[in-house]
There are 2 protein chains.
Amino acid sequence: MLSFTEENYLKTIYHLSGEGQKAVLTTELAAGLNTRPATVTDMLKKLSAKDLIAYEKYYGVQLTKKGKAEALLIIRKHRLWETFLVEKLGFTWDEVHEVAEQLEHIQSPLLIEKLDAFLGHPKTDPHGHPIPDKTGKLPVMIQTPLAEVDVKGKATISAVRHASAVFLQYLSKIGVYIGATVQVAERNEFDRSVQIVIDGKKKAYLSREASENIMVEK
Amino acid sequence: MLSFTEENYLKTIYHLSGEGQKAVLTTELAAGLNTRPATVTDMLKKLSAKDLIAYEKYYGVQLTKKGKAEALLIIRKHRLWETFLVEKLGFTWDEVHEVAEQLEHIQSPLLIEKLDAFLGHPKTDPHGHPIPDKTGKLPVMIQTPLAEVDVKGKATISAVRHASAVFLQYLSKIGVYIGATVQVAERNEFDRSVQIVIDGKKKAYLSREASENIMVEK
DNA sequence: ACTATTTTTTAGGGTTATCTAAATTTATAA
DNA sequence: TTATAAATTTAGATAACCCTAAAAAATAGT
Ligand SMILES: [Mn+2]
Ligand SMILES: [Mn+2]
Ligand SMILES: [Mn+2]
Ligand SMILES: [Mn+2]
């Protein structure tokens with residue numbers, strides 16, 4: 001069985017590698033886990049011995065099939081719990097991440113299957129992120145950043161790229177939420193900021209950076 | 001903040017001391033926590049330094065006011081989660097304890113208050129055990145063991161004393177559940193075993209030991 | 001190609017929670 | 001009261017995880 005710490009390493013490697021594509025470097029991992037490179041090296045040896053990662057000294061690390069499956073299970077639990085907190089307990093989308101960081105480590109296959117059923121087998125979490133099914137399969141999502149939507153183009157907000165509390169609180173304040181319809185009214189070609197209309201009513205201005213972190217379906 | 005292990009010590013001291021009355025000895029604690037007396041001694045020094053227990057070498061340990069408050073918070077979380085698992089997720093009463101042992105350590109005051117509200121501020125858990133309120137106050141329960149009910153006497157089953165999976169599964173099998181009405185049809189004076197009638201219909205035989213571990217309200 | 005810089009690993013410790021075995025203290029019983 | 005038994009504590013280690021500082025390897029700049 002994996003320790004709390006080992007699980008966090010696997011999950012972070014998965015995210016930093018772009019869902020398991022490219023290799024992750026020691027320093028990136030140290031930054032992502034808020035720890036020191038020397039500490040990371042220690043743990044990489046341990047995870048490598050357990051066949052959860054392929055580790056090449058000085059050239060970074062990738063998840064093995066086994067490691068990826070573990071990572072996806074933890075992400076499944078994280079996103080199911082976030083969904084529970086919002087849908088059933090009335091948390092706001094900016095309050096759930098920290099609690100889910102703890103709940104994702106609870107060990108009970110029965111619990112997670114019952115929770116999934118209780119929530120009606122959701123496909124996405126409160127941030128629009130896909131929830132892996134029990135075999136680790138991710139629902140396919142066709143999404144583009146709002147930054148790439150043409151002027152006058154309409155789209156539906158389907159996810160946020162980063163789920164930091166300040167960003168989410170800002171989005172709530174200006175009226176952006178998952179499921180909202182947006183139209184790009186105007187794009188400033190100088191700094192790529194946009195003016196949008198939400199649900200055909202509310203107007204809001206977004207910086208290029210904000211619009212790159214909001215994902216839409218057309 | 002308390003570690004996982006420290007929390008388990010406080011909770012176990014609370015239970016073994018009879019809700020904080022008598023002192024608990026090192027060996028009892030070692031047995032209750034499935035560890036060695038030497039390990040317990042180490043931890044008692046640590047908890048004592050943190051003013052969570054009053055520890056007198058060779059004469060056992062008692063919770064301080066602070067330690068008791070922490071213990072009651074953990075018990076509150078444990079029992080709320082057990083209630084959630086049964087009421088909302090459809091677990092049976094013999095499946096919840098192990099999972100609640102993990103969930104009770106999740107740190108989030110907001111979570112526990114929202115969970116309490118979601119469950120409708122329950123007073124007791126699936127085993128009939130009282131749930132402390134957020135100030136640590138326990139609802140008063142007037143209960144007697146079924147072993148002490150007079151022959152022909154009627155009562156309502158309100159709790160089980162021990163919540164081990166085998167005992168609970170046995171009770172379910174013979175038709176005993178919290179809220180059931182029981183009448184003691186006959187008591188064998190030789191071994192104090194009883195014959196009971198559940199809800200005026202189902203008959204069952206109980207050993208003295210079983211009847212001492214079933215609590216009723218008259 | 002050869003320094004200088006950056007990244008990564010190794011060396012050497014520290015903390016928490018655990019253990020077994022030995023020493024000490026308390027309890028029991030002749 | 002004094003020896004023996006039982007309970008408890010102390011001594012000495014180990015494992016997991018983390019740290020800083022030093023050494024080694026890889027990369028970049030001339
Ligand atoms: Mn999250
Ligand atoms: Mn999320
Ligand atoms: Mn329990
Ligand atoms: Mn219970």
Side-chain angles (χ1 to χ4, degrees), chain A residues 1-14 16-18 22-63 66-67 70-71 74 101-102 104-107, chain B residues 1-18 22-63 67 70-71 74 101-102 104-107:
Chain A
M1 225 199 55
L2 299 176
S3 73
F4 192 95
T5 309
E6 289 170 326
E7 292 195 339
N8 282 335
Y9 269 77
L10 295 178
K11 187 186 58 169
T12 305
I13 293 168
Y14 180 85
L16 292 178
S17 67
K22 58 180 185 290
V24 179
L25 303 177
T26 304
T27 339
E28 300 177 74
L29 212 37
L33 288 158
N34 229 292
T35 182
R36 303 288 133 197
T39 308
V40 172
T41 300
D42 277 353
M43 183 57 88
L44 293 184
K45 287 177 191 163
K46 205 178 142 190
L47 293 173
S48 188
K50 289 192 180 185
D51 196 33
L52 292 159
I53 59 170
Y55 169 47
E56 207 188 333
K57 253 182 163 189
Y58 293 102
Y59 290 94
V61 57
Q62 275 191 285
L63 294 173
K66 194 174 153 195
E70 290 288 351
I74 300 156
E101 287 288 306
Q102 298 180 62
E104 72 189 7
H105 300 290
I106 302 291
Q107 306 285 330
Chain B
M1 227 198 53
L2 300 175
S3 73
F4 192 95
T5 309
E6 289 170 326
E7 292 194 340
N8 283 335
Y9 269 78
L10 295 178
K11 188 187 57 170
T12 305
I13 292 167
Y14 180 85
H15 288 312
L16 293 177
S17 68
K22 58 180 187 291
V24 179
L25 302 177
T26 303
T27 340
E28 300 176 75
L29 213 38
L33 288 157
N34 228 289
T35 182
R36 304 286 133 200
T39 308
V40 172
T41 300
D42 278 352
M43 183 57 85
L44 293 184
K45 286 176 190 164
K46 205 177 142 190
L47 294 173
S48 188
K50 290 192 180 184
D51 196 33
L52 293 159
I53 60 170
Y55 169 47
E56 208 189 333
K57 254 180 162 189
Y58 293 101
Y59 290 93
V61 57
Q62 274 191 284
L63 293 174
E70 290 288 350
I74 300 155
E101 287 288 306
Q102 298 180 59
E104 71 189 6
H105 301 289
I106 301 292
Q107 310 282 193

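Per chain, numbering begins at 1; letters A, B, ... match sequence-line order. These values consider heavy atoms only, across backbone and side chains, with no hydrogens, waters or symmetry-generated copies. Here the structure is a predicted model, which is why all the values come from computation and not from measurement.
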Distance, rounded to the nearest Å, where [X] contributes [atom1] and [N] contributes [atom2]:
X: L47(A); N: dA16(D); atom1: CG; atom2: C1'; value: 13 Å
X: Y59(A); N: dT9(C); atom1: OH; atom2: C1'; value: 14 Å
X: E6(A); N: dC18(D); atom1: CD; atom2: C1'; value: 14 Å
X: E56(A); N: dT9(C); atom1: CD; atom2: C1'; value: 14 Å
X: E28(B); N: dA7(D); atom1: CD; atom2: P; value: 11 Å
X: K45(A); N: dC18(D); atom1: NZ; atom2: C1'; value: 14 Å

Checklist outcome for this item: Under a 4.0 Å heavy-atom cutoff, the residues of residues 34-43 of chain A touching DNA chain D are T35(A), R36(A), A38(A), T39(A), D42(A), M43(A)

Next on the checklist: Using a 4.0 Å heavy-atom cut-off, does F4(A) contact any base of the nucleic acid, only the sugar-phosphate backbone, or nothing at all?
Outcome noted: nothing

Checklist entry - Got a sec, which residues hit side chain to side chain donor-acceptor pair (under 3.5 Å) with K45(B), two or more places apart in sequence or on another chain? => result none

Checklist entry - What is the minimum heavy-atom distance between G67(B) and L10(B), and which atoms define it? => result O-CD1, 4.3 Å

Checklist outcome for this item: Looking only at heavy atoms, the pair that brings T5(A) and M43(A) closest together is CG2-CE, 3.6 Å

[X] vs [N]: side-chain N/O to OP1/OP2 distance below 4.0 Å:
X: K57(B); N: dA7(D); answer: no
X: T5(B); N: dT16(C); answer: no
X: Y58(B); N: dA6(D); answer: no

Next on the checklist: The test is side chain to side chain contact (heavy atoms under 4.5 Å, CB included); show your working for K11(B) and E104(B) and say whether it passes.
Outcome noted: CA-CA 11 Å; K11(B) 188 187 57 170; E104(B) 71 189 6; 2.7 Å; yes

Checklist outcome for this item: When T41(B), V40(B), T39(B) are each screened for side-chain contact (heavy atoms from CB on, under 4.5 Å) with L29(B), the one that passes is V40(B)

Next on the checklist: Run the side chain to side chain contact (heavy atoms under 4.5 Å, CB included) test on L2(B) and Y9(B) for me, step by step, so that the C-alpha distance in whole Å, both residues' side-chain angles and the decisive distance to 0.1 Å come before the verdict.
Outcome noted: CA-CA 11 Å; L2(B) 300 175; Y9(B) 269 78; over 6 Å; no

